There are 4 protein chains.
Amino acid sequence: MPRTEEQYEQIREERKQQIRDVALEIIAEEGFANTSIAKIAKRANISKGLMYNYFTSKEELMMSIMVEGFNKLTEAFDPDRDGVLTHDEMHFFIDTTFDVLKSNIRFWRMYFMVLLQPDVTKLIEPYIMKTLEPFLQTAYQYFASNGYENPDVEVRFFAALLDGVGLHFVMDAEGFPLEGVKEKLHRMLD
Amino acid sequence: MPRTEEQYEQIREERKQQIRDVALEIIAEEGFANTSIAKIAKRANISKGLMYNYFTSKEELMMSIMVEGFNKLTEAFDPDRDGVLTHDEMHFFIDTTFDVLKSNIRFWRMYFMVLLQPDVTKLIEPYIMKTLEPFLQTAYQYFASNGYENPDVEVRFFAALLDGVGLHFVMDAEGFPLEGVKEKLHRMLD
Amino acid sequence: MPRTEEQYEQIREERKQQIRDVALEIIAEEGFANTSIAKIAKRANISKGLMYNYFTSKEELMMSIMVEGFNKLTEAFDPDRDGVLTHDEMHFFIDTTFDVLKSNIRFWRMYFMVLLQPDVTKLIEPYIMKTLEPFLQTAYQYFASNGYENPDVEVRFFAALLDGVGLHFVMDAEGFPLEGVKEKLHRMLD
Amino acid sequence: MPRTEEQYEQIREERKQQIRDVALEIIAEEGFANTSIAKIAKRANISKGLMYNYFTSKEELMMSIMVEGFNKLTEAFDPDRDGVLTHDEMHFFIDTTFDVLKSNIRFWRMYFMVLLQPDVTKLIEPYIMKTLEPFLQTAYQYFASNGYENPDVEVRFFAALLDGVGLHFVMDAEGFPLEGVKEKLHRMLD
DNA sequence: CATGAATGAGTGTTCATTCAT
DNA sequence: GATGAATGAACACTCATTCAT
């Protein structure tokens with residue numbers, strides 16, 4: 001009995017995920033520049049040729065990995081997706097974001113490092129911009145409706161702050177006083 | 001008759017700076033990994049070989065560029081170098097830092113992009129750490145003597161904040177509400 | 001459907017031998033230092049990259065060539081490998097060695113020329129020393145048990161003599177009076 | 001008062017010798033392939049450009065060094081240059097040759113190593129052949145007039161023997177039983 | 001679907017040689 | 001005579017990608 005189309009599709013998806021996982025692992029260990037297709041294929045126990053059956057190029061593989069990470073990171077923002085950010089949702093977002101980061105520091109350090117490389121940035125910037133747009137809108141509404149004088153300034157300030165803190169945390173998770181900093185963040189929003 | 005020693009020195013210095021400038025430009029555009037010596041030489045209109053007359057390796061070239069920028073950026077911190085940060089010096093530092101950034105946005109965007117690439121980070125991290133150490137000490141004293149409860153948290157929070165803001169500003173100087181954000185920063189320190 | 005493992009293995013072995021042959025030829029003509037991977041690849045009608053599919057480095061290629069030749073040359077020494085050299089075995093060794101040399105003068109001229117280049121010597125000296133050690137022991141026993149006064153001197157003298165004769169023969173096989181010289185060698189051992 | 005032409009010539013010759021000495025020193029230390037003109041010039045305290053004032057190319061410099069060594073090695077053969085080798089002159093030649101080798105092992109090891117590299121061999125072979133020819137004639141006469149049956153075989157045998165011994169001695173001067181071997185050589189000629 | 005041999009353009013680096021000064 | 005900046009071809013080696021099987 002031949003497999004159904006869905007079964008094939010599922011097998012394909014599992015393989016792709018396996019390749020993504022392995023690739024990310026190696027990139028985290030050895031850096032993007034030192035991660036060759038050959039290494040990924042070897043560690044994933046498949047042939048180089050087969051790699052190209054699943055991803056049309058190294059670039060596409062990267063895209064795929066980065067998009068996956070980006071989505072995980074924004075999932076906690078306005079979780080009910082109603083376009084309105086309540087006070088609770090804001091605090092939830094902060095906590096959850098750091099929980100996500102903390103759950104796999106190695107992944108996220110790697111993620112940020114990769115993300116900040118210009119060639120990678122160039123690849124996924126369009127996707128990020130498109131996805132981020134509604135979130136920035138929502139954030140603006142949040143600050144505006146909470147009586148902040150310059151919601152625009154607040155959004156940018158807050159985004160920069162979160163990025164800076166996330167970056168520092170992820171770069172030096174051991175030494176970073178995460179709890180203290182989180183507390184400061186929460187208090188700033190009250 | 002050969003040139004005088006000064007003439008040679010001058011030629012060398014000019015060429016080195018020219019190479020550094022071109023290199024930074026390309027690295028910022030295409031990333032460290034994609035910046036080959038060949039590309040740098042071509043854009044600088046010199047031969048590949050000449051590069052190695054001035055920098056012993058690609059690494060040394062990177063170091064040279066990054067250290068130069070890093071020093072410019074920290075010059076304004078505790079300018080009288082007495083190890084004590086007054087209130088005024090703190091405000092001065094913030095203003096001056098952004099002035100420096102603003103004075104050559106293109107350079108600093110490049111600088112940050114380059115700095116955040118893992119290969120580069122690895123290269124100059126030791127230098128940065130060594131240089132930063134006394135500054136962090138000074139900052140700790142500042143927060144401690146100004147009655148902050150957790151000076152440690154404050155230092156890290158402040159550093160992360162400045163990095164985040166600097167990064168965002170430099171990545172989107174046009175759209176970034178710099179004056180409003182600076183005001184917020186100053187007010188936070190009062 | 002991919003090739004079977006045996007098919008791949010066969011392709012690999014053939015290619016490796018082909019590369020070794022071509023490499024030895026060029027090295028003999030132009031010296032180790034002047035033999036580039038590019039030249040080898042070109043003459044072997046393969047791409048540079050493929051070289052590295054079969055040999056991990058230029059050094060490994062050299063090792064591979066030299067070890068192969070060295071082994072062929074020592075096969076005839078103490079052929080029953082009992083650690084004892086009879087009179088007959090000694091004479092057999094001399095004759096066989098020159099037979100081997102004579103059977104492919106071109107190869108052996110190349111081999112000696114390559115072997116005597118310092119870069120190459122450095123590479124395989126450890127291997128040679130390790131392999132030669134028991135042979136020298138055996139030769140010492142031979143001279144000692146045949147009543148020679150200074151077996152140590154005899155071993156070194158004989159080795160030097162054989163090397164010298166082999167070298168001269170191989171460098172000028174046409175003009176070298178091999179039979180006469182062999183006769184002298186045999187008579188010296190009686 | 002300007003220098004006379006001879007004075008200039010003498011200065012030139014001294015410089016050239018100084019360069020040869022330095023070059024040989026470096027080659028002996030680091031091998032031929034790793035000896036660059038830049039290194040030689042630096043160690044000789046002159047500029048790269050000036051090197052080319054004295055030697056038209058690296059090849060010519062090599063030639064110059066090798067010829068010098070070759071001459072020193074053959075000086076002791078038939079010292080009165082009468083084309084006839086007496087018994088005493090033969091023994092003198094053997095002793096003197098090894099004295100010369102012993103006087104600067106490092107030089108001669110280097111010399112042989114360099115000499116045996118095909119590219120070098122190619123360069124000075126014509127010179128060597130031309131110079132060696134009369135010596136071989138003289139040696140033939142020696143063996144012929146001393147009643148050897150096949151003078152031709154004896155010449156080649158003896159030359160091969162001397163080369164082999166010289167090579168072994170120079171490659172492992174510490175371990176080589178020179179005195180014992182020399183004694184054997186002398187006795188073979190009686 | 002799966003393999004890995006094969007390619008070719010690319011990498012950082014070296015160095016003999018030239019030449020304006 | 002003397003300098004060293006400048007060149008350009010060469011080097012060993014890497015790797016994303018293709019394709020016959």
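Remember, predicted model here, so these are calculated numbers, not experimental data. Naming convention: chains lettered A, B, ... in sequence-line order (proteins, then strands); numbering from 1 in each chain.
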If you compare every side-chain N and O of [X] against the phosphate oxygens of [N] (OP1, OP2), does one of them come in below 4.0 Å?
| X | N | result |
| --- | --- | --- |
| C/R12 | E/dA5 | yes |
| B/R15 | F/dA6 | yes |
| C/S36 | F/dC11 | yes |

Inset, instruction - Select base, sugar-phosphate, or nothing to describe what D/K48 touches, counting heavy atoms under 4.0 Å on all strands. - result: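 Counting heavy atoms under 4.0 Å across all strands, the contact made by D/K48 includes a base.
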Inset, instruction - Remember a base hit wins even if backbone is also touched, and classify C/Y54 as base, sugar-phosphate or nothing at under 4.0 Å, heavy atoms. - result: sugar-phosphate
Inset, instruction - Indicate, yes or no, whether a donor-acceptor pair under 3.5 Å links the base of E/dT18 to the side chain of D/Y52. - result: no
Legend entry - Out of E/dA2, F/dT17, E/dA16, whichever nucleotide has its closest atom nearest the side chain of A/I37: F/dT17
Inset, instruction - Kindly point out which of F/dA5, E/dT13, F/dG1 is positioned nearest to the side chain of D/N53? - result: F/dG1
Is the shortest distance from a Lys or Arg side-chain nitrogen in [X] or [Y] to a carboxylate oxygen in the other one below 4.0 Å?
| X | Y | result |
| --- | --- | --- |
| A/R20 | A/E13 | yes |
| C/E5 | C/R12 | no |
| A/E25 | A/R106 | no |

Legend entry - Base-pairing mate for E/dA20 - Watson-Crick or G-U, with both contacts under 3.5 Å: F/dT3
Legend entry - Over 12 foreign heavy atoms within 6.0 Å of CD, B/Q7: yes
